[in-house]
Student: 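Below is a structure I'd like to ask you about.
As the structure lists them, so they are numbered: ligands from 1, and atoms in each ligand from 1. Keep in mind that the numbers below use all heavy atoms, side chains included, and drop hydrogens, waters and symmetry copies.
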Amino acid sequence: MLHDDLKSVLLTEEEIRTRVAELAAMMDSACAAAEQPPLMIGVLKGSFMFIADLIRALKTECAVDFMAVSSYGAKSETSGQVRILKDIGENIEGRDVIVIEDILDSGITLRYILDLLNARRPKSVKLCALLDKPARRKVPVEAQFIGFSIPDEFVVGYGLDYAEKYRGLPYIGVLKPSVYME
Ligand code: PRP
């Protein structure tokens, strides 16, 4: 049933499950020739549900690590300031890395993370974002794997929050403007 704070469902559980399986198959193909398992880096908090489902759908053996960053706080607009709250524990020099994100919006967070990781001399860095809002891009970021290109609406659920709410919804919905305009 639709949460009272949402005006519509953008992506159902079924649509997400189908697309996650497709993304996993694309990654399996991309990783087929690799000599060592890629390192999947989930960017917390928003990606936790996506990376859990993605890795279960993947046939490729992979290592997993997490980074925690924040640029939004409790606001709906990015502050433009990326804060690293937790860095990865793995040494990525010479390794194939895939960064897993829930949403690519202005691109400021991902640009920062990709530059940071590339400076550590990995063999390759790819980006997988479940959602992409191309209309909001402020800095260029190239993602090799995109789940869904979506319109510029405030989406929550499946890991995505507004002020730490709605992360546990199994689908992705559009928040009523009255909820964040108050
Ligand atoms: C979200 C999302 C990305 C970032 C994308 O994180 O997970 O990291 O915003 O936005 P950008 O392209 O405009 O930089 P958020 O700061 O909301 O933190 P959270 O994942 O902990 O909810």
Student: I need the atoms of ligand 1 closer than 4.0 Å to a non-hydrogen atom of Asp161, numbered in the order shown.
Tutor: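 In order of number, 22 (O).
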
Student: Are Lys123 and Glu93 ion-paired here, with the side-chain N under 4.0 Å from a carboxylate O?
Tutor: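 Looking at Lys123 and Glu93, the cut-off is not met.
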
Student: For ligand 1, which atoms, with element, lie under 4.0 Å from some heavy atom of Gly107?
Tutor: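 Reading through ligand 1 atom by atom, the close ones are 11 (P), 12 (O), 13 (O).
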
Student: Select one of side chain, backbone, both or neither to describe which atoms of Thr109 lie under 4.0 Å from any atom of ligand 1, heavy atoms only.
Tutor: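 The answer is both.
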
Student: Short list, please: which atoms of ligand 1 are under 4.0 Å from a heavy atom of Ile103?
Tutor: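 Listed by number with element: 2 (C), 3 (C), 5 (C).
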
Student: Are Asp161 and Arg167 close enough for a salt bridge, meaning some N to O gap below 4.0 Å?
Tutor: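 The answer is yes: the pair qualifies as a salt bridge.
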
Student: For Ile100 and Ile55, run side chain to side chain contact (heavy atoms under 4.5 Å, CB included): C-alpha distance rounded to whole Å, both residues' side-chain angles, the deciding distance at 0.1 Å, then the answer.
Tutor: CA-CA 10 Å; Ile100 311 294; Ile55 284 171; over 6 Å; no

Student: Going hydrophobic residue to hydrophobic residue with side-chain gaps under 4.5 angstrom, can you get from Leu130 over to Ile113?
Tutor: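 Shared cluster, no.
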
Student: Hey, do the aromatic rings of Tyr171 and Tyr158 have their centres closer than 6.0 Å?
Tutor: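 No, the ring centres sit 6.0 Å or more apart.
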
Student: Which bit of Lys138 is near ligand 1, meaning a heavy atom under 4.0 Å away: side chain, backbone, both or neither?
Tutor: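 For Lys138, there is no contact with ligand 1 at all, from either part.
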
Student: A quick test of your reading: do over 12 heavy atoms of other residues, nucleotides or ligands sit less than 6.0 Å from NZ of Lys86?
Tutor: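 Buried by this count: over 12 neighbours within 6.0 Å.
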
Student: Indicate, as side chain, backbone, both or neither, the part of Arg111 found under 4.0 angstrom from ligand 1 when only non-hydrogen atoms are considered.
Tutor: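 Neither; no heavy atom under 4.0 Å.
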
Student: Whether the side chain of Lys7 engages the backbone of Pro177 through a donor-acceptor N/O pair (distance < 3.5 Å, no angle test) should be reported.
Tutor: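 The answer is no, because no donor-acceptor pair under 3.5 Å joins these two groups.
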
Student: Does the distance from a Lys or Arg side-chain N to an Asp or Glu carboxylate O, for Glu153 and Lys133, drop under 4.0 Å?
Tutor: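 Looking at Glu153 and Lys133, the cut-off is not met.
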
Student: Should you measure from each heavy atom of Ser106, which atoms of ligand 1 turn up under 4.0 Å away?
Tutor: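 Counting from 1, the qualifying ligand atoms are 11 (P), 12 (O), 13 (O), 14 (O).
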
Student: Report yes if Leu104 has an N/O atom closer than 3.5 Å to an N/O atom of ligand 1; otherwise report no.
Tutor: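 N/O-N/O distance under 3.5 Å: no.
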
Student: Would you kindly specify which portion of Leu44 sits under 4.0 Å from ligand 1, judged on non-hydrogen atoms: side chain, backbone, both or neither?
Tutor: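 It is the backbone that gets close, since no side chain atom is under 4.0 Å.
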
Student: So is Arg167 in contact with ligand 1, going by heavy-atom distances below 4.0 Å?
Tutor: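 Checking ligand 1 against Arg167, which is what was asked, there is a heavy-atom contact under 4.0 Å.
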
Student: So is Gly46 polar-close to ligand 1, meaning N/O to N/O under 3.5 Å?
Tutor: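 Yes, there is a polar N/O contact under 3.5 Å.
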
